[in-house]
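So that the names make sense, note that chain A is the first sequence line, chain B the second, and so on, each numbered from 1. Bear in mind that the values here come from a model prediction, so they are computed numbers and not experimental data.
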Protein chains: 2
Amino acid sequence: MAQRGQSDAAGRPPRAPAENAAEITTPMPAIGGNGMPAPGLRDRARAIPEAAVARLAVYLRVLSGMREQAVASVSSEELSAAAGVNSAKLRKDLSYIGSYGTRGVGYEVEVLIDQIERVLGLTREQSVAVVGIGNLGHALANYGGFPGRGFPVTALFDVDPDLMGVPVGGIPVDHIDDIPAVCAAREVTIGVIATPPAAAQAVCDRLVQAGVECILNFAPVVLQVPETVEVRKVDLAVELQILSFHVARRADHAPADDATPAPRVDGVAAPRGVVVRR
Amino acid sequence: MAQRGQSDAAGRPPRAPAENAAEITTPMPAIGGNGMPAPGLRDRARAIPEAAVARLAVYLRVLSGMREQAVASVSSEELSAAAGVNSAKLRKDLSYIGSYGTRGVGYEVEVLIDQIERVLGLTREQSVAVVGIGNLGHALANYGGFPGRGFPVTALFDVDPDLMGVPVGGIPVDHIDDIPAVCAAREVTIGVIATPPAAAQAVCDRLVQAGVECILNFAPVVLQVPETVEVRKVDLAVELQILSFHVARRADHAPADDATPAPRVDGVAAPRGVVVRR
DNA sequence: GCGACTTTGTGCCTACGTTCACAAGCGGCT
DNA sequence: AGCCGCTTGTGAACGTAGGCACAAAGTCGC
Ligand SMILES: NC(=O)c1ccc[n+]([C@@H]2O[C@H](COP(=O)([O-])OP(=O)(O)OC[C@H]3O[C@@H](n4cnc5c(N)ncnc54)[C@H](O)[C@@H]3O)[C@@H](O)[C@H]2O)c1
Ligand SMILES: NC(=O)c1ccc[n+]([C@@H]2O[C@H](COP(=O)([O-])OP(=O)(O)OC[C@H]3O[C@@H](n4cnc5c(N)ncnc54)[C@H](O)[C@@H]3O)[C@@H](O)[C@H]2O)c1
């Protein structure tokens with residue numbers, strides 16, 4: 001018979017493949033400390049939906065920007081516009097983490113930031129290790145945006161002998177054989193894989209062995225991990241292909257009409273965006 | 001009263017904000033669509049669902065790998081395992097683009113590749129421009145994975161005088177003032193923004209003015225664009241925060257029980273292959 | 001102190017996406 | 001030639017997410 005596809009030539013033990021779509025479902029937020037307005041719902045499984053978590057992170061970023069500008073409070077309308085979402089959706093997202101708004105007024109920026117940080121687990125710093133200090137790894141190691149948001153990059157790994165000990169972004173590169181020791185010592189909780197695709201699975205295995213339970217993968221491969229490990233992937237080629245899909249759709253969807261490729265100069269188009277009245 | 005949040009200090013004209021969650025949903029085939037809201041009967045919507053498009057890109061990558069290994073055909077079971085999805089989902093995804101399988105046999109790798117490429121619009125090369133040749137921009141410009149997948153990077157832009165004319169990844173950097181001319185000449189269809197956040201919106205506006213209708217944004221800001229423009233964003237901080245959320249959940253969810261953080265060495269966990277129960 | 005106004009929080013409904021399960025279709029074997 | 005087993009393609013069930021619309025709840029003005 002014709003030979004069939006085989007996902008992996010080596011007889012790798014089957015483990016749960018990981019896609020970003022994994023269940024983020026969360027049980028109750030119930031740290032039960034505060035007053036617990038208790039609208040009458042039982043405290044049973046108050047799960048935060050998948051998509052809501054991602055948006056909370058965006059709200060947090062927007063709110064941080066507002067705080068820097070000394071903004072004290074926002075309405076759901078304003079915040080949603082700034083975050084690019086529907087205001088009802090925003091309110092619902094916020095309701096998942098509790099009731100921290102004041103009717104007729106809005107939300108206090110400071111309070112919202114604290115609460116979102118609490119839910120996202122940002123009260124504790126998450127130490128990050130980057131593996132594969134090539135083009136991308138260098139950029140990541142040098143990026144100041146991570147430490148600034150509670151994700152200090154504390155360890156770098158590679159196999160290239162020339163890189164050993166060389167500091168990148170202030171941190172010396174270690175050999176991947178040291179992953180267990182270094183990750184343990186620096187309490188790494190998140191591993192970032194920026195190696196060539198062929199090495200990604202092996203690196204992933206090492207990180208998992210070292211106790212890292214969260215992995216951000218830039219290599220275009222589907223990693224196999226135990227189900228206790230959370231993997232998110234960033235695949236730029238896929239992003240580009242999705243954009244390409246839209247180009248194609250648009251091309252054969254409206255071929256005749258709208259031949260004017262010139263979009264409104266400097267925006268001004270799409271006035272009915274998300275609300276933004278006022 | 002306390003001042004309220006204001007998404008943008010400048011009186012930027014409101015445009016449609018863009019999130020990745022945006023509608024990828026392909027509008028119905030409705031070429032002559034203006035018939036009426038088609039009450040009740042759903043037209044044979046040839047729409048490919050949001051999520052399916054992203055997965056098709058993944059399937060394509062896996063299939064390419066198989067082709068390289070001279071694999072001639074695959075079953076949905078095999079392909080889905082390699083792509084990390086449920087086999088039923090895979091079949092449904094493939095069904096959106098047509099019926100190219102053979103019952104009792106599977107799919108021909110070659111045929112599937114051609115068809116997915118067709119649907120994703122990869123038959124035509126999509127020229128990419130990168131703006132902001134800093135840490136990240138360099139990595140992107142040097143990355144060989146894009147040209148290899150039909151996305152040649154043909155233009156680079158920055159404002160730094162020291163970078164002008166300097167070739168990165170074989171392409172000389174141009175000034176952003178040249179965006180219109182260069183993008184037109186090189187038929188750029190996709191713009192990648194890798195500038196500091198503060199410059200992102202202005203750069204985006206320029207790209208849009210130049211006729212670029214697809215944008216991949218790495219800056220942590222919500223871009224406002226006309227609705228004719230498709231924006232996808234890659235926000236690494238958000239990815240890390242989502243992972244952090246999982247750490248937090250796990251921590252206060254199973255504190256007593258299952259405290260064994262030791263993951264199975266080298267995998268071996270999750271014995272059930274893909275699919276399995278549920 | 002009270003009413004009018006503003007904005008939250010959420011019930012409900014719709015749309016979308018995922019999964020199941022199985023009939024239909026095809027190749028190979030006898 | 002006909003049957004058998006395998007795999008596709010998809011209808012239907014189920015679950016999740018999105019969005020409207022409104023009652024509840026608080027503030028502000030008078
Ligand atoms: N550069 C980009 O812009 C970009 C874009 C999208 C995806 N990616 C993906 O990110 C990954 C890294 O890309 P890059 O451009 O930085 O590649 P690169 O070749 O520049 O760097 C790879 C690094 O990994 C190291 N390495 C190789 N094998 C290793 C191993 N077994 N363990 C640890 N380190 C190892 C190499 O020494 C090198 O330093 C690749 O999988 C690539 O497909 C990169
Ligand atoms: N480096 C990373 O790993 C990383 C990770 C996540 C997000 N990001 C985001 O990606 C973006 C770029 O990050 P980076 O680390 O490469 O920054 P960087 O500072 O290294 O590079 C920014 C580049 O943009 C150029 N630039 C500044 N203003 C510009 C303008 N108006 N038009 C064109 N170019 C302009 C600068 O000259 C510089 O070359 C930032 O928004 C950052 O938040 C980067």
Side-chain angles (χ1 to χ4, degrees), chain A residues 1-2 4-5 19-26 37-41 45-56 73-81 84-108 111-112 274-275 277-278, chain B residues 1-2 4-5 19-28 37 39-40 42 44-45 47-56 73-81 84-108 111-112 274-278:
Chain A
M1 68 171 75
R4 286 301 188 61
E19 283 298 302
N20 272 4
E23 63 274 69
I24 292 189
T25 44
T26 317
L41 289 178
R46 217 24 178 163
I48 300 182
E50 158 87 25
V53 175
R55 286 191 298 267
L56 283 171
S73 77
V74 271
S75 68
S76 62
E77 207 67 47
E78 294 164 324
L79 182 53
S80 67
V85 302
N86 179 304
S87 71
K89 195 191 294 183
L90 175 131
R91 287 197 299 276
K92 184 157 283 188
D93 287 343
L94 293 182
S95 77
Y96 291 127
I97 66 175
S99 288
Y100 302 103
T102 304
R103 294 172 189 229
V105 179
Y107 303 86
E108 262 186 65
V111 171
L112 229 41
V274 173
V275 182
R277 73 231 265 125
R278 148 187 305 286
Chain B
M1 73 173 78
R4 286 304 188 57
E19 283 297 300
N20 271 5
E23 61 280 71
I24 287 189
T25 38
T26 314
M28 49 187 187
R42 188 184 272 295
R44 274 301 199 178
I48 299 182
E50 155 90 26
V53 174
R55 286 191 299 266
L56 283 171
S73 75
V74 272
S75 68
S76 62
E77 207 67 47
E78 294 164 323
L79 183 53
S80 66
V85 302
N86 179 302
S87 71
K89 195 192 290 185
L90 176 132
R91 288 199 298 277
K92 181 147 286 190
D93 286 345
L94 292 182
S95 78
Y96 290 127
I97 67 174
S99 288
Y100 301 103
T102 304
R103 293 169 189 235
V105 179
Y107 302 86
E108 264 186 64
V111 172
L112 230 39
V274 176
V275 160
V276 286
R277 87 248 201 133
R278 104 186 357 256

Visitor: Among D:dT8, D:dG9, C:dG9, find the nucleotide with the atom closest to the side chain of A:S99.
Guide: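 In terms of side-chain proximity for A:S99, the closest of D:dT8, D:dG9, C:dG9 is C:dG9.
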Visitor: Starting from P on C:dA4, measure out to CZ on A:R103 and report it in whole angstrom.
Guide: 20 Å
Visitor: Within less than 4.0 Å of OP1 or OP2 of C:dT18, is there a side-chain N or O belonging to B:R55?
Guide: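 Affirmative; the distance criterion is met.
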Visitor: Locate the shortest heavy-atom distance separating B:S87 from B:S76; write the atom from each residue and the value.
Guide: CB-O, 4.0 Å
Visitor: In whole angstrom, give the distance that lies between atom CD1 of A:I48 and atom P of D:dA17.
Guide: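 That distance rounds to 12 Å.
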Visitor: Between C:dG11, C:dT8, C:dG17, which one does the side chain of A:K92 approach most closely?
Guide: C:dG11
Visitor: Determine: side-chain N/O of B:S75 to OP1/OP2 of D:dT7, distance under 4.0 Å, yes or no.
Guide: no
Visitor: Side-chain contact test, heavy atoms from C-beta onward, threshold under 4.5 Å: evaluate it for B:E78 versus B:Y107 and give yes or no.
Guide: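 Side-chain contact under 4.5 Å: no.
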Visitor: Nearest-Å distance, CZ (A:R91) to P (D:dC20)?
Guide: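 Value for this atom pair: 10 Å.
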Visitor: Return the value, rounded to whole Å, for the distance between atom OH of B:Y100 and atom C1' of D:dT7.
Guide: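 Interatomic distance, OH of B:Y100 to C1' of D:dT7: 19 Å.
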Visitor: Tell me whether the side-chain N/O atoms of B:N86 come closer than 4.0 Å to OP1 or OP2 in C:dG17.
Guide: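 No, outside the criterion.
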Visitor: Measure CG/B:L90 against C1'/D:dT10 and give the value in whole Å, please.
Guide: 14 Å
Visitor: Taking only the side-chain heavy atoms of A:T102 (C-beta and beyond), determine which of C:dT10, C:dA21, D:dT27 contains the nearest atom.
Guide: D:dT27
Visitor: Rounded to the Å, how far apart are B:K89 NZ and C:dA21 P?
Guide: 17 Å
Visitor: Provide, to the nearest angstrom, the distance between the CG atom belonging to A:D93 and the P atom belonging to C:dT10.
Guide: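 Whole-Å distance recorded here is 13 Å.
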Visitor: May I ask you to evaluate whether B:Y96 reaches the phosphate of C:dC16, defined as a side-chain N or O under 4.0 Å from OP1 or OP2?
Guide: no
Visitor: Can you tell me the distance, in whole Å, between the CG atom of A:L56 and the P atom of D:dA17?
Guide: 13 Å
